[in-house]
Amino acid sequence: MGKVKAHGNFFDKVYEKLRIAKAEGKNVLDLSIGDPDLPPPEFATGLFINQMHKEHIYTYPQIYGENTFKETISDWAYRKHGVSVHPEYEVLPLLGVKEGIVHLALGTLGYGDVGAYATPSYPIYRQAIEMSKASSVIIETKPENGYLPDLESLCSNDLRSIKLLYLNYPNNPTGTVLMNLFANR
């Protein structure tokens with residue numbers, strides 16, 4: 001089996017710059033990835049410690065999630081968005097959003113397929129498409145168009161070939177919100 005080419009994560013570069021700035025004695029306000037920089041409140045850590053003594057807490061969870069949790073998600077989706085989802089077949093709890101982004105690409109793309117993502121963006125979109133062995137189409141966003149994806153700049157052949165499109169709004173890292181008018185185009 002061939003080797004998979006590893007690409008550095010954007011945040012690796014950011015952390016290196018932060019490390020250098022801090023080593024130079026600069027006062028740095030780190031807004032890079034959203035990790036907490038303060039400890040949790042003492043009452044919360046106390047609750048956590050008390051809960052850890054319960055047997056069901058420290059065992060492995062069911063691989064597909066607890067039924068009551070999935071039913072709660074299904075009920076919430078219907079109440080909030082009017083969407084019916086089957087808790088057993090259409091709800092899959094994840095360890096985090098990166099896991100879902102990667103599994104979406106792995107489940108829908110393969111060699112010869114095309115995935116697309118807007119830039120600047122969360123690095124995992126590109127990485128997920130590459131992991132699936134698909135080709136990438138990059139949709140540029142620029143300050144002059146409010147960081148909205150310029151779908152018109154893609155030729156119609158590119159649009160037809162795209163099997164998976166990652167569009168995340170409000171966009172990270174720009175904070176741009178996709179207006180309904182634009183979303184309907």
Side-chain angles (χ1 to χ4, degrees), residues 3-54 57-58 60-61 65 69 72-73 76 80-81 92-106 109 115-132 134-154 162 164-183 185:
K3 292 183 179 179
V4 176
K5 182 179 177 186
H7 292 278
N9 186 306
F10 168 78
F11 290 107
D12 292 339
K13 296 172 188 165
V14 171
Y15 289 140
E16 179 61 16
K17 289 181 180 181
L18 287 171
R19 187 192 65 72
I20 291 168
K22 287 177 182 178
E24 293 172 350
K26 295 179 180 172
N27 186 11
V28 177
L29 178 59
D30 183 358
L31 300 175
S32 61
I33 200 166
D35 286 341
D37 58 354
L38 298 173
E42 202 169 305
F43 80 89
T45 55
L47 288 171
F48 177 77
I49 291 168
N50 288 335
Q51 292 297 314
M52 290 306 298
H53 295 292
K54 296 180 179 178
I57 294 293
Y58 57 83
Y60 283 114
F69 180 59
T72 301
I73 291 171
W76 174 85
K80 178 82 173 166
H81 302 288
L92 180 61
L94 303 170
L95 296 174
V97 71
K98 284 186 193 179
E99 180 186 15
I101 290 169
V102 169
H103 283 287
L104 180 61
L106 292 175
L109 298 174
Y117 61 97
T119 62
S121 66
Y122 202 31
I124 195 66
Y125 301 135
R126 176 187 51 81
Q127 295 164 345
I129 293 168
E130 289 176 357
M131 287 171 60
S132 71
S135 299
S136 293
V137 171
I138 299 169
I139 301 170
E140 297 290 335
T141 66
K142 298 177 182 166
E144 53 268 21
N145 69 356
Y147 290 105
L148 295 173
D150 186 7
L151 299 177
E152 287 81 18
S153 71
L154 292 172
I162 295 170
L164 176 64
L165 171 62
Y166 289 114
L167 281 180
N168 178 25
Y169 285 86
N171 177 274
N172 179 4
T174 68
T176 300
V177 176
L178 188 67
M179 291 97 46
N180 287 337
L181 177 67
F182 182 85
R185 279 199 276 172

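FYI, the numbering just counts along the sequence from 1.
For the atom pair CG (Leu167) and CD1 (Ile139), the distance works out to 6.0 Å, reported to the nearest 0.5 Å. To the nearest 0.5 Å, atom CZ of residue Arg19 and atom CD of residue Glu24 are 9.5 Å apart. Rounding to the nearest 0.5 Å gives a distance of 12.0 Å between CD1 of Ile124 and CG of Leu104. Atom OG1 of Thr45 is separated from atom CG of Asn50 by 9.5 Å, given to the nearest 0.5 angstrom. Here the CD atom belonging to Glu99 is positioned 7.0 Å from the CG atom belonging to Leu92, to the nearest 0.5 angstrom. The NZ atom of Lys22 sits 10.0 Å away from atom CG of Asn27, with the distance rounded to the nearest 0.5 Å.
Leu109 and Gly115 get closest at one heavy-atom pair: CD1-CA, 4.1 Å. Scanning both residues, Leu164 and Ile162, for their nearest heavy atoms gives O-CG2, 3.3 Å. Pairing each heavy atom of Ser136 with each of Ile129, the nearest pair is OG-CG2, 3.3 Å. Scanning all heavy atoms of the two residues, the minimum distance from Ala105 to Ser132 falls at O-CB, 3.7 Å.
Under the 4.5 Å side-chain criterion, counting only non-hydrogen atoms from C-beta, Tyr117 is in contact with Ile138. The closest side-chain heavy-atom distance from Gln51 to Lys54 is below 4.5 Å.
A 6.0 Å sphere centred on CD of Glu144 holds more than 12 heavy atoms belonging to other residues, nucleotides or ligands.
The main-chain N or O of Thr119 is found under 3.5 Å from a side-chain atom of Thr141 such that the two form a donor-acceptor pair.
Taking the six-membered ring for Trp and the full ring otherwise, the centers of Tyr166 and Tyr125 sit less than 6.0 Å from each other.
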